Amino acid sequence: MRLEFIHIDPAQNNNLGKGNDRRLILIFAGWGSDARLYDDIKIEGWDTAIVLDYRSLEFPVEKLDGYSSIYVYAWSMGVWAASAVMSKFSPDCSFAINGTGYPRHDKYGIPEKIYDGTLDTLNERNLRKFRLRMAGDRDTASRLDSLLPAPDISGLKEELDAIRALGPFPSACWSRAYISEEDRIFPTPNQLSFWKEKGTATVMIPGGHYPDIYKIVRDTVFNPVRVGERFGNALTTYDAHAHAQREIAKRLTLLLSEMEPANNGKILEIGSGSGLFTSFYSPLLSPASATYLDLYPMPRYNIAAEERYYIGDAEKWLIESEENGLYDVILSASTIQWFVSPRNFFRNAARLLRPGGVLAVSSFTKGNLAELDVLRPSPIVYRSARELKEMAEIYLDNVKVTEKDFTVTFPSPREALLHLKHTGVGGSASTGSGAAALMRKLPKDSDGRVTLTYRAVFITARKT
């Protein structure tokens with residue numbers, strides 16, 4: 001395998017001495033690809049690298065040193081290649097696109113007869129036919145020809161032969177799989193069968209084997225600017241419309257009280273927003289000092305003699321903070337689902353807590369707001385309660401994780417959409433539809449009512 005860096009973000013690489021929050025988009029390319037095919041994949045705050053050439057599965061994992069967060073995107077044969085080597089590092093999210101762990105398989109991959117025929121008869125003419133099937137139309141195929149270099153037929157045949165000899169790697173875990181509705185390379189039914197058997201969440205996308213990979217990246221990489229704008233715009237309406245969030249904050253306060261946290265201590269709240277959760281826990285803690293982090297300007301809460309307010313990316317702040325062992329309590333309600341790396345959050349929270357300090361957070365887990373999946377082309381990736389517990393237990397003790405559903409019913413789709421607007425819950429990905437279209441798509445009961453289900457997860461822990 002060959003790893004090439006195709007975009008280096010100057011901002012994060014100029015701050016190497018100020019923390020270790022370097023983020024990487026790692027793309028496992030399809031067979032016969034070239035870095036130029038992925039040159040548009042550029043996200044602010046992230047480096048981009050590409051993996052090519054699968055004649056060998058020797059992976060230069062040392063080149064990933066220094067990255068605190070890695071998102072993997074694997075397309076076509078790259079899904080198989082990434083499946084073979086992801087155990088050598090720990091991606092925070094991994095997305096399979098039009099591929100499986102079986103490169104050559106009649107039920108789960110490219111049918112064996114087609115795979116072998118492609119290998120045996122490969123020449124420049126047949127490669128152009130392959131690219132046409134991959135592209136789905138002649139205009140896209142022509143654009144691919146203009147981007148890709150003159151083919152090395154001998155090298156491409158060696159690669160297909162090596163992949164066939166190395167066999168399948170079906171056991172890797174993936175966050176999500178994207179499947180094109182009309183894939184003529186990895187047949188759509190074969191992909192559906194593979195991911196269904198693995199129990200991996202899937203998203204159907206239009207078109208053929210070659211999709212808009214950049215769109216998938218944009219929809220799945222956390223966009224703090226967009227999220228901050230939506231929650232900031234909802235600041236004055238949030239409390240009146242955040243029905244489920246209010247109940248979540250109450251329950252989190254109850255769980256916090258059971259931890260018997262230190263009174264009159266130093267607290268850190270992440271994602272404090274309108275101060276809804278703050279108002280519930282403040283009588284319990286009566287903090288001497290409080291530090292608040294959020295993406296947008298916050299009101300003043302006035303619950304402690306000393307208060308500090310930081311506006312910006314909380315994950316970066318946590319990594320760069322040198323306040324080791326300063327806090328008695330770290331709190332966060334309905335926020336860390338937006339984080340690039342929950343694992344890094346738990347690690348840094350443990351570092352900032354004093355011995356005996358308490359962590360109490362809520363997030364959302366798989367199945368949250370599932371009713372909206374018909375509106376969202378690429379839903380947010382929610383971690384399961386088990387995954388979050390395993391991450392927290394690496395760094396903290398006495399970890400307890402519970403789940404609870406909170407449902408809110410609205411008399412019509414219009415009221416449901418207003419709720420999302422007034423609470424900023426829309427997130428960072430665009431639905432690509434107007435309000436009228438969204439109202440038509442929302443699932444309704446026989447009386448025209450819409451129910452939204454918030455699937456909350458609560459995590460409490462202590463640092464010993």
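It should be emphasised that the depicted structure is a prediction, and the values quoted were computed from it without experimental measurement.
Side chains of Asn98 and Ser180: a donor on one and an acceptor on the other come within 3.5 Å. For Tyr281 and Glu269, the side-chain atoms include at least one donor-acceptor pair closer than 3.5 Å. Looking only at atom types and distance, the side chain of Asn344 has a donor-acceptor partner in the side chain of Arg347 under 3.5 Å away. With hydrogens and angles left out, the side-chain atoms of Thr407 and Thr453 include no donor and acceptor closer than 3.5 Å.
Checked by atom type and distance alone, the side chain of Arg246 pairs as donor or acceptor with a backbone atom of Asp239 at under 3.5 Å. Listed for the Asp447 side chain is no donor-acceptor partner under 3.5 Å among the backbone atoms of Arg449. Of the possible donor and acceptor atoms, one in the side chain of Arg462 sits under 3.5 Å from a partner among the backbone N and O of Gly356. Of the possible polar contacts, one joining the Glu307 side chain to the Asn302 backbone as a donor-acceptor pair under 3.5 Å is found. Under the 3.5 Å distance criterion, the side-chain polar atoms of Asp183 are left unmatched by any main-chain donor or acceptor of Thr188. In this structure, the side chain of Lys198 engages the main chain of Ala172 through a donor-acceptor pair within 3.5 Å. Judged by distance alone, the side chain of Thr365 and the main-chain N or O of Arg383 form a donor-acceptor pair under 3.5 Å. Between the Arg300 side chain and the Met298 main chain, a donor and an acceptor come within less than 3.5 Å of each other.
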Checklist entry - Going through the checks in order, is the side chain to side chain contact (heavy atoms under 4.5 Å, CB included) test met by Asn264 and Ser286? => result CA-CA 5 Å; Asn264 200 36; Ser286 300; 5.5 Å; no
Checklist entry - After noting the C-alpha distance and the side-chain angles of Leu37 and Leu144, does the key distance pass the side chain to side chain contact (heavy atoms under 4.5 Å, CB included) rule? => result CA-CA 8 Å; Leu37 202 60; Leu144 291 177; 3.2 Å; yes
Item to check | Check against ring pair (Phe, Tyr, Trp, His ring centres under 6.0 Å), Tyr301 and Tyr309 | outcome: CA-CA 10 Å; Tyr301 309 122; Tyr309 296 82; 5.7 Å; yes
Item to check | Check against side chain to side chain contact (heavy atoms under 4.5 Å, CB included), Leu331 and Leu285 | outcome: CA-CA 11 Å; Leu331 304 161; Leu285 296 179; 3.9 Å; yes
Next on the checklist: Walk me through whether Val450 and Glu371 qualify under side chain to side chain contact (heavy atoms under 4.5 Å, CB included).
Outcome noted: CA-CA 9 Å; Val450 172; Glu371 298 90 348; 5.8 Å; no
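Residues satisfying the side-chain hydrogen bond (donor to acceptor under 3.5 Å, both in side chains) test with Ser362, not counting sequence neighbours, are none. By the side-chain hydrogen bond (donor to acceptor under 3.5 Å, both in side chains) test, Ser146 is found to be paired with no residue, residues two or more places apart in sequence or in another chain being considered.
Taking the charged nitrogens against the carboxylate oxygens, Lys266 and Glu323 have no contact shorter than 4.0 Å, which rules out a salt bridge. Checked for salt-bridge contact, Glu247 and Arg251 miss the test: no charged N lies under 4.0 Å from a carboxylate O. A salt bridge links Lys389 to Glu393: one of the charged nitrogens lies within less than 4.0 Å of a carboxylate oxygen. Between Arg226 and Glu229 no salt bridge is recorded (no basic side-chain N to carboxylate O distance below 4.0 Å).
Here the straight-line distance linking atom CG of Asn368 with atom CG of Leu452 works out to 9.5 Å at 0.5 Å rounding. Rounding to the nearest 0.5 angstrom, the gap separating the OG atom in Ser282 from the CZ atom in Phe280 is 10.0 Å. Between atom OH of residue Tyr310 and atom CG of residue Leu293 there is a gap of 8.5 Å, rounded to the nearest 0.5 Å. To the nearest 0.5 Å, atom CZ of residue Phe277 and atom CD1 of residue Ile248 are 11.5 Å apart.
Ser334 has its side chain within reach of Phe364: a pair of non-hydrogen atoms, C-beta onward, lies under 4.5 Å apart. Using a 4.5 Å cut-off on side-chain heavy atoms (C-beta onward), Leu318 and Leu268 make contact. Contact annotation: the side chain of Val340 approaches that of Tyr71 to within less than 4.5 Å [non-hydrogen atoms, C-beta and beyond]. Leu372 is listed as a side-chain neighbour of Leu442, based on a closest heavy-atom distance under 4.5 Å. Between Phe345 and Thr335 the shortest side-chain heavy-atom distance does not fall below 4.5 Å. Under the 4.5 Å side-chain criterion, counting only non-hydrogen atoms from C-beta, Leu64 is in contact with Phe59. Side-chain atoms of Thr48 and Ile43, non-hydrogen and from C-beta on, never get closer than 4.5 Å to each other. Considering only heavy atoms from C-beta on, Ser321 stays 4.5 Å or farther from Asn348 through its side chain.
Between Ile336 and Ser332, the closest heavy-atom pair is CG2-OG, 3.9 Å. Shortest non-hydrogen contact noted between Ala385 and Glu403 is CB-OE2, 3.4 Å. A pairwise comparison of heavy atoms in Ile205 and Pro211 identifies CD1-CB, 3.8 Å as the closest pair. Considering all non-hydrogen atoms of both residues, Leu3 and Ala49 come closest at CD2-CB, 4.0 Å. Shown here for Arg23 and Gly45, the closest heavy-atom pair between the two residues is CB-O, 3.8 Å. Residue Ile380 comes nearest to Gln337 through the heavy atom pair CD1-O, 3.5 Å, listed as atom of the first residue, atom of the second, then distance.
Atom CZ of Arg351 has more than 12 neighbouring heavy atoms from other residues, nucleotides or ligands inside a 6.0 Å radius. In this structure, Glu181 places its CD atom where more than 12 heavy-atom neighbours from other residues, nucleotides or ligands lie under 6.0 Å away. Atom NZ of Lys400 has 12 or fewer heavy atoms from other residues, nucleotides or ligands within 6.0 Å. Heavy-atom neighbours of Glu260 CD from other residues, nucleotides or ligands within 6.0 Å: at or below the threshold of 12. Counting non-hydrogen atoms of other residues, nucleotides and ligands closer than 6.0 Å to CD of Glu62 gives a total above 12.
Exactly one of Tyr214, Phe28, Tyr210 qualifies for a ring pair (Phe, Tyr, Trp, His ring centres under 6.0 Å) with Trp75. That residue is Tyr210. When Lys42, Lys63, Arg22 are each tested for a salt bridge (Lys or Arg N to Asp or Glu O under 4.0 Å) with Asp47, only one passes: Arg22. Checked options Phe5, Tyr38, Tyr73; the residue passing with Ile50 is Tyr38 (criterion: side chain to side chain contact (heavy atoms under 4.5 Å, CB included)).
Under a cutoff of 6.0 Å and an axis angle of 45°, Arg455 and Tyr382 do not form a cation-pi pair.
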Which donor-acceptor pairs under 3.5 Å do the side chains of residues 79-95 make with protein atoms, sequence neighbours left out?
from, atom 1, to, atom 2, distance (Å)
Trp80, NE1, Gly167, O, 2.7
Ser83, OG, Val79, O, 2.7
Ser83, OG, Trp174, NE1, 3.4
Asp92, OD1, Ser341, OG, 2.7
Asp92, OD1, Arg343, NH2, 3.3
Asp92, OD2, Ile70, N, 3.0
Ser94, OG, Cys173, O, 3.4
Ser94, OG, Ser175, N, 3.3

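Using cut-offs of 30° and 60° for the angle between ring planes, the His243 and Phe410 rings count as tilted.
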